[in-house]
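Bear in mind the structure is a predicted one, so any value in this text is a computation, not a measurement. Lettering of chains follows the sequences in order, A, B, ..., and the numbering in each one begins at 1.
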Amino acid sequence: MRDNKVIAPHLLDWYDRHARVLPWRVPPGGAKADPYRVWLSEIMLQQTTVAAVKDYFLRFTALWPDVGSLAAAPDQQVMAEWAGLGYYARARNLLACARMVAAAGGFPKDRNGLQALPGIGPYTSAAIAAIAYDQPETVVDGNVERVVARLHAVETPLPAAKPELVALAERLTPDTRPGDYAQAMMDLGATICTPRSPACGICPLIDDCDARVMGIAAELPRKTPKAAKPDRIGIAWVARRGDSILLEERPAKGLLGGTLAFPSAGWDGRDMPPPGSADWQEIGHVRHVFTHFNLSLMVVMGDLQDGPDRGHLVRLRDLDRNALPGLMRKVWDMARAEIAA
DNA sequence: CATCCGTGGAT
DNA sequence: TATCCAAGGAT
């Protein structure tokens with residue numbers, strides 16, 4: 001029979017020996033974590049893998065070592081540095097949040113205050129409060145949902161099971177070392193209690209897990225099936241004039257909001273004409289997968305005869321591929337190959 | 001509560 | 001190739 005009181009001690013003992021070393025992390029029992037670095041890493045890590053975040057985190061903290069310097073950064077530079085990481089609303093909220101925090105003289109020191117800031121929801125507010133301020137808030141991300149669903153053998157499928165999992169997780173949260181405990185739960189989920197083939201044989205909670213006894217650990221948490229992704233098509237214009245190429249900033253809201261992009265239409269709910277007159281030549285198609293649809297984008301290229309009526313011309317040698325979101329990098333790579341040919 | 005919002009890696 | 005999914009939040 002599981003004893004809730006021993007779970008945190010078991011987990012913390014394991015964490016003291018096996019904590020992952022990460023750029024934004026303070027070692028177990030170590031010095032106090034910097035709220036700015038905790039916040040920045042947590043925003044980047046939302047629905048994003050540790051491997052993908054590492055370089056972005058190092059780059060951001062090198063450019064902007066504190067919230068004041070980030071708050072003073074130009075919007076376009078932050079968007080360009082975020083390019084490729086996805087979920088661009090995070091970048092816009094990041095900057096809005098940094099400016100509010102800088103104006104207030106620092107981060108709020110409790111969960112409710114944190115959650116009032118843009119881009120900070122139930123998970124992130126609890127994570128910052130626990131990790132940076134050592135408050136016994138319960139952090140519930142996808143890892144914790146999975147660990148708790150297995151410990152308690154919760155068979156209700158997600159997302160309906162979420163409230164129940166949160167309540168169960170709250171009962172496990174210790175009053176001491178809540179920040180280490182939160183990170184330990186996530187490390188356990190990421191390295192031992194993994195989605196497909198959990199390594200129960202080396203799990204520090206093997207004697208505390210109901211699903212393990214029932215032999216259903218790998219099946220939990222159950223999830224309600226997702227709808228199939230529809231296919232969408234569209235067109236992107238690679239408009240050239242001399243040694244320059246046309247780019248535009250996308251509208252702040254919606255798909256790839258606020259990012260630098262080639263003019264395009266037909267795939268994002270906006271019906272736009274070509275940005276100018278040209279003898280457009282089809283050079284190929286790029287495929288891209290978004291969260292809720294598959295995209296096949298026809299790429300056409302041409303020399304502008306008039307216009308453009310929007311966007312701005314950028315010299316090829318000034319075009320930074322890394323400042324483009326992933327989809328537009330594919331468009332650019334195709335166009336660059338065509339130009340070279 | 002459902003939908004929208006990226007990207008890349010693992011299986 | 002198809003599917004899942006990764007430290008979620010806003011609307």
Value in whole Å for how far the [atom2] atom of [N] lies from [atom1] of [X]:
X	N	atom1	atom2	answer
L85(A)	dG9(B)	CG	P	13 Å
R232(A)	dT3(B)	CZ	P	13 Å
L327(A)	dT7(B)	CG	C1'	11 Å
I120(A)	dA10(C)	CD1	C1'	14 Å
L45(A)	dG9(C)	CG	P	12 Å
I43(A)	dA7(C)	CD1	C1'	10 Å
Y181(A)	dA7(C)	OH	C1'	15 Å
M44(A)	dG8(B)	CE	C1'	16 Å

Point-to-point distance, once rounded to the nearest 0.5 Å, from CG of L117(A) to CG of N93(A): 10.5 Å
Separation between OG1 (T138(A)) and CD (E170(A)), nearest 0.5 Å, reads 5.0 Å
The residue, Q183(A) or K253(A), whose nearest nucleotide of DNA chain C is more 5′ is Q183(A)
For R146(A) and for G119(A), locate the closest nucleotide of DNA chain C by heavy-atom distance; then report the residue assigned to the nucleotide nearer the 5' terminus. R146(A)
Applying a 4.0 Å non-hydrogen cut-off, can you work out what [X] is touching in the nucleic acid: base, sugar-phosphate, or nothing?
X	answer
R25(A)	base
W24(A)	base
G257(A)	nothing
I131(A)	nothing
R92(A)	nothing
V144(A)	nothing
G84(A)	sugar-phosphate

Taking R99(A) for its side chain and A71(A) for its backbone only, find out whether a donor-acceptor pair lies under 3.5 Å. yes
Are any side-chain N or O atoms of K223(A) and backbone N or O atoms of P159(A), one a donor and one an acceptor, separated by less than 3.5 Å? no
For the [atom1] atoms, the ones on [N] and on [M], what distance do you get once it is rounded to whole angstrom?
N	M	atom1	result
dC5(B)	dC5(C)	C1'	15 Å
dT11(C)	dG6(B)	P	14 Å
dA2(B)	dA7(C)	P	23 Å

Using a distance-only criterion (donor-acceptor N/O pair, under 3.5 Å, no hydrogens), is the base of [N] paired with the side chain of [X]?
X	N	result
R90(A)	dA10(C)	no
T291(A)	dG6(B)	yes
T48(A)	dG6(B)	yes
Y87(A)	dG6(B)	yes

Do Y123(A) and Q46(A) have a side chain donor and acceptor closer than 3.5 Å? no
Cut-off 3.5 Å, side chains only: do S125(A) and Q115(A) have a donor facing an acceptor? yes
Could you tell me how the ring of F107(A) sits relative to the ring of W39(A): parallel (under 30°), tilted (30 to 60°) or perpendicular (over 60°)? tilted
Given dC5(C), is OP1 or OP2 found less than 4.0 Å from the side-chain N or O atoms of R196(A)? no
For dG6(B), does OP1 or OP2 lie under 4.0 Å from any side-chain N or O of H288(A)? no
Residue whose nearest DNA chain B nucleotide is more 5′ - H292(A) or A52(A): H292(A)
Closest-nucleotide mapping onto DNA chain B: is P159(A) or L256(A) further toward the 5' terminus? I mean the 5' end. P159(A)
Tell me which nucleotide among [options] gets nearest to the side chain of [X].
X	options	result
A190(A)	dG6(B), dC5(C), dA7(C)	dA7(C)
L255(A)	dT11(B), dC5(B), dT7(B)	dC5(B)
Q47(A)	dT7(B), dA6(C), dA10(C)	dA6(C)
T49(A)	dG8(C), dA6(C), dA7(C)	dA6(C)
T124(A)	dG6(B), dG9(C), dA6(C)	dG9(C)

With a 3.5 angstrom cut-off on both distances, give the Watson-Crick or G-U wobble partner of dC4(B), or none if there isn't one. dG9(C)
What about W267(A) and F290(A), are their ring centers closer than 6.0 Å? yes
